[in-house]
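In what follows, a structure is listed as structure tokens, so that the remarks can point back to it.
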Amino acid sequence: MSDPIPYARPAPGSQPPLDSPAYRSTQSRAPLLAPIRAPHTLTEASSPRLTPMHYPVQADMSVHNGKAAMGERMIVAGRVLDEAGRPVANSMVEVWQANAAGRYHHVRDDHDAPLDPNFEGHARIFTDAEGRYRFTTIRPGAYPWRNHHNAWRPVHIHFGLFGQGFAQRMITQMYFPGDPLLPLDPIFNTTADEEARQRLVARFDLEVTEPEWALGYRFDITLRGPAATPFEDMSAQGGDHH
């Protein structure tokens, strides 16, 4: 049966452009020619099987090998929805981030900040029947990124959402309320629309917080339509872990 609700395009300015001069690396990654549409193969659209059986859930980044990571423990929870507000069930969500000192557990990260042996900085969860997800982590730190003089990335967590196969993937970043670096960040500001930018900012939620253990933040994600969360893969900005 066809979808009774037609697909509505994102609102103008609500998604980042292909090339943003202030975000310097987009100049070398943005396409120079018009895209050529190529149909997906069945394998690209339907495989591999993204299930917890094949991709084990890892929902707690705050502990590694039985030892607690350094930093402020926190819980992030939310829902993945389509443009009509319907839950997107069984979606695989990958998460990655810097540690509390602002350094990634990655060979290419040479930031002069300590690595935490008890924090690897990545997780994998699946949405339930109501589109809900939840994971535990450590609040990441800000870090310099050499985009321009005295450039620092705001505190953020990366999200990668999968559909039925690897060809259906969308990437975005979650930011934190009140971060003084947000107005200065070229990546955050590639999204021109203020309301769309605010959809990238999580909100503190006392209902998610667990007493005497961890603060809680809520970050709901809408996949498409006028209220869509801004996504990097719609602007060909994927592939940069920053």
Task: Nearest-0.5 Å distance, OG1 of residue T191 to CG of residue L200 - done: 5.5 Å

TODO: Describe, in one word, how the ring planes of W145 and H148 are oriented to each other, choosing from parallel (under 30°), tilted (30 to 60°) and perpendicular (over 60°).
DONE: perpendicular

Open item on the list: In this structure, would V76 and L215 fall into the same cluster of hydrophobic residues linked by side-chain contacts under 4.5 Å?
Closed with: yes

Open item on the list: I need the S47 OG to H54 NE2 distance, nearest 0.5 Å.
Closed with: 11.5 Å

Open item on the list: I need the H106 NE2 to W96 CH2 distance, nearest 0.5 Å.
Closed with: 11.0 Å

Open item on the list: Could you check whether any side-chain N or O of R79 sits under 3.5 Å from a backbone N or O of E130, counting only pairs where one atom can act as donor and the other as acceptor?
Closed with: yes

Task: Shortest non-hydrogen contact between A30 and D19, atoms and distance - done: CB-CB, 3.7 Å

Open item on the list: Is the shortest side-chain heavy-atom distance between R29 and Y23 below 4.5 Å?
Closed with: yes

Open item on the list: If you count every heavy atom of other residues, nucleotides or ligands that lies below 6.0 Å from E207 atom CD, does the total exceed 12?
Closed with: no

Open item on the list: Has T190 got a side-chain atom pairing as donor or acceptor with I187's backbone, closer than 3.5 angstrom?
Closed with: yes

Task: 4.5 Å side-chain heavy-atom contact, Q27 and P21 - done: yes

Open item on the list: So which atom in A142 and which in L181 form the shortest heavy-atom distance, rounded to 0.1 Å?
Closed with: CB-CD1, 3.7 Å

Open item on the list: Quick check: is F231 connected to L81 through a chain of hydrophobic side chains (ILVMFWY, heavy atoms under 4.5 Å apart)?
Closed with: no

- [ ] Evaluate whether atom CD of E94 has more than 12 neighbouring non-hydrogen atoms of other residues, nucleotides or ligands under 6.0 angstrom away.
- [x] yes

Open item on the list: Tell me whether R146 is salt-bridged to D110, with the criterion being a basic N under 4.0 Å from an acidic carboxylate O.
Closed with: yes

Open item on the list: Can you classify the ring geometry of F159 versus Y133 as parallel (below 30°), tilted (30 to 60°) or perpendicular (above 60°)?
Closed with: perpendicular

Open item on the list: With a 3.5 Å distance limit and no angle check, can you tell me whether N147 reaches the backbone of A22 through a side-chain donor-acceptor pair?
Closed with: yes

Task: Electrostatic pair R203-D205, nearest N-O below 4.0 angstrom - done: yes

Task: salt_bridge(E210, R134) N-O dist < 4.0 Å - done: yes

Task: Side-chain heavy-atom pair I75, Y217 within 4.5 angstrom cut-off - done: no

Open item on the list: Check the orientation of H111 and Y143. Use parallel for under 30°, tilted for 30 to 60°, and perpendicular for over 60°.
Closed with: tilted

Task: Interatomic spacing from CG in N118 to CG in N99 - rounded to 0.5 Å - done: 11.0 Å

Open item on the list: Is there a continuous path of hydrophobic side-chain contacts, each under 4.5 Å between heavy atoms, that joins I138 to L115?
Closed with: no

Open item on the list: Tell me whether S91 contacts the main-chain N or O of T127 through its side chain, where contact means a donor paired with an acceptor under 3.5 Å.
Closed with: no

Open item on the list: Assigning hydrophobic clusters by single linkage (Ile, Leu, Val, Met, Phe, Trp, Tyr; side-chain heavy-atom cutoff under 4.5 Å), is M53 placed with V57?
Closed with: no

- [ ] Answer yes or no: is there a donor N or O on one side and an acceptor on the other, between the side chain of E83 and the main chain of L223, under 3.5 Å?
- [x] no

TODO: Ignoring hydrogens and angles, tell me if any N or O in the side chain of R199 forms a donor-acceptor pair with the backbone of A227 under 3.5 Å.
DONE: yes

- [ ] Please assess D193 against S14 for the test side chain to side chain donor-acceptor pair (under 3.5 Å), listing each intermediate value before the final yes or no.
- [x] CA-CA 5 Å; D193 182 79; S14 68; over 6 Å; no

Open item on the list: Treating E44 as the side-chain partner and H40 as the backbone partner, does any N or O pair qualify as donor plus acceptor under 3.5 Å?
Closed with: no

Open item on the list: Quick one, H122 and R124 - any side-chain contact, counting heavy atoms below 4.5 Å?
Closed with: no

Open item on the list: Is the positively charged end of R139 above the ring of F176, judged by distance under 6.0 angstrom from the centroid and angle within 45° of the axis?
Closed with: yes

Task: Distance (rounded to the nearest 0.5 Å) between L161 CG and R169 CZ - done: 9.0 Å

Task: Minimum-distance pair of heavy atoms, taken over all atoms of P140 and V155 - done: O-CG1, 3.2 Å

Task: Minimum heavy-atom distance W213-T136, with the two atoms named - done: CH2-CG2, 3.7 Å

- [ ] State which residues pass side chain to side chain donor-acceptor pair (under 3.5 Å) with E194; sequence neighbours excluded, sorted by chain then number.
- [x] R197, Q198

TODO: Check step by step if side chain to side chain donor-acceptor pair (under 3.5 Å) holds for Q97 and T137.
DONE: CA-CA 9 Å; Q97 64 169 86; T137 187; 2.8 Å; yes

Open item on the list: Tell me if a side-chain donor or acceptor on N189 pairs with a main-chain N or O of D185 at a distance below 3.5 Å.
Closed with: yes

TODO: Examine I125 and M61 and state if one hydrophobic cluster contains both, with Ile, Leu, Val, Met, Phe, Trp and Tyr joined whenever side-chain heavy atoms are less than 4.5 Å apart.
DONE: yes

Open item on the list: With a 3.5 Å distance limit and no angle check, can you tell me whether D109 reaches the backbone of Y104 through a side-chain donor-acceptor pair?
Closed with: yes

Open item on the list: Using a strict threshold of under 4.0 Å (side-chain N to carboxylate O), is an ion pair present between D82 and R224?
Closed with: no

Task: Near-ring test Y55/F126, centroid separation under 6.0 angstrom - done: no

Task: Heavy-atom pair with the smallest gap, counting every atom of G141 and A98 - done: O-CB, 4.4 Å

Open item on the list: Under a 3.5 Å distance rule, please check whether T229 uses its side chain to pair with a backbone N or O of T222 as donor and acceptor.
Closed with: yes

Open item on the list: Tell me the closest heavy-atom pair linking P230 and P16, and the distance in Å.
Closed with: CB-CD, 4.2 Å

Open item on the list: Please evaluate residues F119 and R103 with respect to the criterion side-chain contact (heavy atoms from CB on, under 4.5 Å), reporting the C-alpha separation (whole Å), side-chain torsions for both, the decisive distance (0.1 Å), and the verdict.
Closed with: CA-CA 10 Å; F119 186 79; R103 184 170 178 180; over 6 Å; no

Open item on the list: Apply side-chain contact (heavy atoms from CB on, under 4.5 Å) to residues V93 and F135 and explain how you reach the verdict.
Closed with: CA-CA 10 Å; V93 181; F135 63 90; over 6 Å; no

Open item on the list: Measuring from atom CD1 of I157 to atom CE of M174, what distance do you get when rounded to the nearest 0.5 angstrom?
Closed with: 4.0 Å

